[in-house]
Amino acid sequence: IALAWCRPLVPAAGRRERTTQLAAIHADDPPRLIAARTVLYAIIAGVAAGVLTFVTILHIRAEPAVVTQLTGRLGIDTFTLSPVPAAAFAAGCSVLVAVAIYRLRWVLIDRRVAARKRRIDRTLPRAVACMYALARSGMPLPAVLRTVAAHRNVYGETAVEIGVTVREIDQFGADVITALEAASDRTPSAAFAEFTSDLAAAVDSGHPI
């Protein structure tokens with residue numbers, strides 16, 4: 001439903017940024033589906049808010065005591081004179097809620113990205129020290145990466161990030177340099193991006209890692 005009805009409504013602006021955000025949190029679904037679902041959720045919430053607002057206004061108008069009390073507090077006979085039709089007011093509320101829900105969805109995703117960045121930055125020094133020790137012992141780089149990725153309980157989110165690189169090498173046939181460069185482009189951590197980019201450059205140049 002989201003792809004069929006709501007995909008054309010997804011704003012084109014910020015599409016690359018949204019794709020980067022979703023890649024940074026390793027989203028299970030493709031970006032176009034998540035964006036379409038976000039629009040669908042916003043529309044559902046907006047319609048519900050509009051209907052609820054319209055029904056509430058009709059209910060208030062049906063209670064003279066409530067109308068009198070609100071008029072006395074506001075100083076304006078809003079509900080009896082009705083300068084703005086109830087339907088238009090409800091439509092305005094519907095649009096505001098829909099926009100708020102749409103933006104809130106991406107704000108929450110952005111916070112998940114920031115949280116992953118902090119976790120990677122915290123565990124990166126330990127992972128780099130381990131990789132350095134393994135490389136000094138003569139272990140090949142792919143084996144070094146697999147070793148770190150297999151110890152997520154020790155190296156946390158950095159091991160998860162390296163695990164994606166290992167998966168690209170083992171399951172999708174990517175070479176080490178390509179996998180490391182992809183990790184540098186995908187990660188939310190600037191420190192991890194710099195590390196993997198420099199590591200790929202060292203491997204490409206033939207220098208000792």
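Note that the coordinates shown come from a computational prediction; the quantities given were computed from them, not determined experimentally.
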Minimum-distance pair of heavy atoms, taken over all atoms of Ala4 and Pro8: O-CD, 4.5 Å
Could you note down all residue pairs passing side-chain hydrogen bond (donor to acceptor under 3.5 Å, both in side chains) where residues 138-156 supplies at least one of them, sequence neighbours left out? Arg146-Asp170
Could you check if a side-chain atom of Leu22 sits within less than 4.5 angstrom of a side-chain atom of Ile25, using non-hydrogen atoms only? yes
Are the side chains of Ile43 and Ile101 in touch, meaning some heavy atoms are under 4.5 Å apart? no
Can you name the closest pair of heavy atoms from Val148 and Ala159 and give their distance? O-CB, 3.4 Å
Are more than 12 heavy atoms, taken from residues, nucleotides or ligands other than Arg112, located less than 6.0 Å from that residue's CZ atom? no
Tell me which pairs pass salt bridge (charged side-chain N to carboxylate O under 4.0 Å, His left out) where either residue lies in residues 6-33, with sequence neighbours left out. Asp29-Arg37
Do Thr38 side-chain atoms and Ile34 backbone N/O form a donor-acceptor pair below 3.5 Å? yes
Give me the atom names and distance for the closest heavy-atom approach of Tyr102 to Pro11. OH-CD, 3.2 Å
Mind checking whether Val144 and Ile177 sit in one hydrophobic cluster, side chains of I, L, V, M, F, W, Y counted as touching below 4.5 Å? yes
More than 12 heavy atoms from other groups under 6.0 Å of CG on Leu108: yes
Hydrophobic clustering (ILVMFWY, side-chain heavy atoms < 4.5 Å, transitive) - are Phe195 and Val164 grouped together? no
Those residues that, when tested against Ser205, pass side-chain hydrogen bond (donor to acceptor under 3.5 Å, both in side chains) (two or more places apart): His207
Do Glu161 and Thr187 have side-chain atoms, one donor and one acceptor, less than 3.5 Å apart? yes
Indicate yes or no for a side-chain donor-acceptor contact from Thr158 to the backbone of Ile120 under 3.5 Å, with no hydrogens or angles considered. yes
Path from Val99 to Ile44 over hydrophobic side-chain contacts below 4.5 Å: no
Does Ser184 reach the main-chain N or O of Leu180 with its side chain, forming a donor-acceptor pair under 3.5 Å? no
Search all heavy atoms of Val97 against all heavy atoms of Ala45 and return the closest pair with its distance. CG1-O, 3.7 Å
Decide whether Leu33 and Val39 are clustered together by the hydrophobic rule: side chain heavy atoms of Ile, Leu, Val, Met, Phe, Trp, Tyr closer than 4.5 Å, transitively. no
